[in-house]
Protein chains: 2
Amino acid sequence: MQSQNISDIIEKYLKSILADSQQIEIKRSEIAELFNCVPSQINYVINTRFTIQNGYVVKSKRGGGGYIRIVKVNLLDDSDVIDDLINMVGDEIDFNKAFQIIQSLYQEGMLTRRESNLIISSIDKRTLAFENRQIEKIVRARILISILNRLRYDD
Amino acid sequence: MQSQNISDIIEKYLKSILADSQQIEIKRSEIAELFNCVPSQINYVINTRFTIQNGYVVKSKRGGGGYIRIVKVNLLDDSDVIDDLINMVGDEIDFNKAFQIIQSLYQEGMLTRRESNLIISSIDKRTLAFENRQIEKIVRARILISILNRLRYDD
DNA sequence: ATAATAAAAGTCAATATTAGTCAAATTAAA
DNA sequence: TTTAATTTGACTAATATTGACTTTTATTAT
């Protein structure tokens with residue numbers, strides 16, 4: 001039914017392992033072989049699904065005995081998370097990245113599920129679809145930053 | 001013996017599946033082929049018959065393994081109140097009016113204080129300050145409507 | 001030690017695979 | 001007859017897949 005594509009399947013596989021352990025270390029070629037795809041597909045999966053916005057840090061090494069290590073990080077370990085998140089947002093941001101940030105805030109318990117959903121609909125592509133494509137991203141960034149700043153106060 | 005047109009037939013087909021399950025995930029091209037119509041007809045059916053007012057939320061993804069997912073949601077009792085509020089908002093709205101709407105939602109118990117504050121900061125004048133004063137109001141209206149629509153259902 | 005070779009992972013652009021938009025043409029309803 | 005709804009298809013956008021080429025690191029040979 002869902003996740004027909006290999007990228008989603010690989011993502012799930014990696015995340016299922018990360019559900020148990022804090023980090024995972026893979027050999028790119030082995031995973032590629034396991035899922036019968038080209039090695040660079042693993043990079044694609046990592047670049048689109050294991051970003052820092054999503055709460056993952058990736059480190060790798062080439063050459064003999066090379067590896068890719070994916071580490072789950074806790075954004076709240078840092079005292080000034082909000083500053084970091086605001087920097088991540090920058091002047092403009094696409095929906096996927098923004099979504100990941102909200103998701104992370106939810107997972108960290110800084111937003112309720114309902115709050116997250118409301119925010120997501122306010123920055124949704126359909127909500128912010130304008131003639132000018134760039135305005136969409138700029139507005140989204142503004143909204144997100146404004147909400148992040150709001151989270152500094154009451155709680 | 002009504003529902004002669006394809007759109008109605010496709011609508012019925014999808015809804016018959018949704019009678020059993022809470023959601024359905026389709027491949028646009030497959031359904032189009034099944035009913036011998038162009039793919040964009042599926043969009044037409046969805047846009048005219050699977051709206052949030054009717055209790056459906058639609059999510060889709062393009063690219064390999066793409067899909068269209070239609071989810072049946074439980075409309076809350078306040079759903080028709082929301083219709084009125086959306087009409088009030090219209091195509092554009094200034095901050096004061098928007099504020100009043102949020103305030104009344106809070107007073108009605110449809111928003112928590114924190115949710116209200118988050119929404120207010122996202123539609124604040126400073127957040128939406130653009131060169132063009134009218135754009136500000138248009139964007140605010142879009143955000144507000146999107147949030148109102150989200151309030152139609154839970155979870 | 002140094003150079004050559006092997007063994008990884010990274011990059012990037014071309015291509016493939018979906019779905020979305022929009023407006024013109026057609027058909028049905030009022 | 002006017003208006004609204006539907007049908008159609010050309011064009012656009014998003015996402016995924018693939019592979020040739022590059023870079024980094026380790027190992028082996030000289």
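Quick note on labels: first sequence line is chain A, next is B, and so on, each numbered from 1.
- Taking A:Thr112 as the reference, A:Arg114, A:Glu115 meet the side-chain contact (heavy atoms from CB on, under 4.5 Å) condition, with sequence neighbours excluded.
- Listed by first and then second residue, the ring-ring contact (aromatic ring centres under 6.0 Å, His included) pairs that reach into residues 7-33 of chain A are A:Tyr13-A:Phe35, sequence neighbours excluded.
- Looking at heavy-atom distances under 4.0 Å, B:Ile68 makes contact with sugar-phosphate atoms alone, never a base.
- Contact check on A:Asp8 versus B:Lys61 returns a salt bridge, with a Lys/Arg side-chain nitrogen under 4.0 Å from an Asp/Glu carboxylate oxygen.
- Scanning DNA chain C 5' to 3' for nucleotides with an atom closer than 4.0 angstrom to a non-hydrogen atom of chain B gives a first and last hit of C:dT17 to C:dT21.
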Query - For DNA chain D, the dot-bracket pattern of Watson-Crick and G-U pairs whose distances stay under 3.5 Å, | for other-strand partners - result: ||||||||||||||||||||||||||||||
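- Backbone-only contact: B:Gly66 has heavy atoms under 4.0 Å from sugar-phosphate atoms and none from a base.
- Considering only residues two or more places apart in sequence or on other chains, B:Lys72 meets the side-chain hydrogen bond (donor to acceptor under 3.5 Å, both in side chains) condition with none of them.
- Side chains of A:Thr127 and B:Arg142: no donor on one and acceptor on the other come within 3.5 Å.
- A heavy atom lying under 4.0 Å from DNA chain C marks the following residues of residues 52-63 of chain A, by number: A:Ser60, A:Lys61, A:Arg62, A:Gly63.
- Looking at residues two or more places apart in sequence or on another chain, you find no salt bridge (charged side-chain N to carboxylate O under 4.0 Å, His left out) involving B:Arg62.
- A:Arg69 comes within 4.0 angstrom of no nucleic acid atom, judged by non-hydrogen atoms across all strands.
- Remark: nothing in residues 90-104 of chain A comes within less than 4.0 Å of DNA chain C through any heavy atom.
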Report, one pair per line, the protein and nucleotides 7-11 of chain D atoms (nitrogen or oxygen only) whose separation is under 3.5 Å.
| unit_1 | atom_1 | unit_2 | atom_2 | d |
| --- | --- | --- | --- | --- |
| D:dT7 | OP1 | B:Ile6 | N | 2.8 |
| D:dT7 | OP2 | B:Ser7 | N | 3.1 |
| D:dT7 | OP2 | B:Ser7 | OG | 2.3 |
| D:dT7 | OP2 | B:Gln41 | NE2 | 2.2 |
| D:dT7 | O5' | B:Gln41 | NE2 | 3.3 |
| D:dG9 | N7 | B:Ser40 | OG | 3.2 |
| D:dG9 | O6 | B:Ser40 | OG | 2.7 |

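- Shown here are the side-chain contact (heavy atoms from CB on, under 4.5 Å) partners of B:Phe95, two or more places apart in sequence or in another chain: B:Phe99, B:Ile120, B:Ile123, B:Lys125, B:Arg140.
- Using a 4.0 Å heavy-atom cutoff across all strands shown, A:Arg126 reaches no nucleic acid atom at all.
- By the salt bridge (charged side-chain N to carboxylate O under 4.0 Å, His left out) test, B:Asp91 pairs with no residue at all, sequence neighbours left out.
- Every ring pair (Phe, Tyr, Trp, His ring centres under 6.0 Å) that A:Tyr56 has, sequence neighbours left out, goes to A:Phe50.
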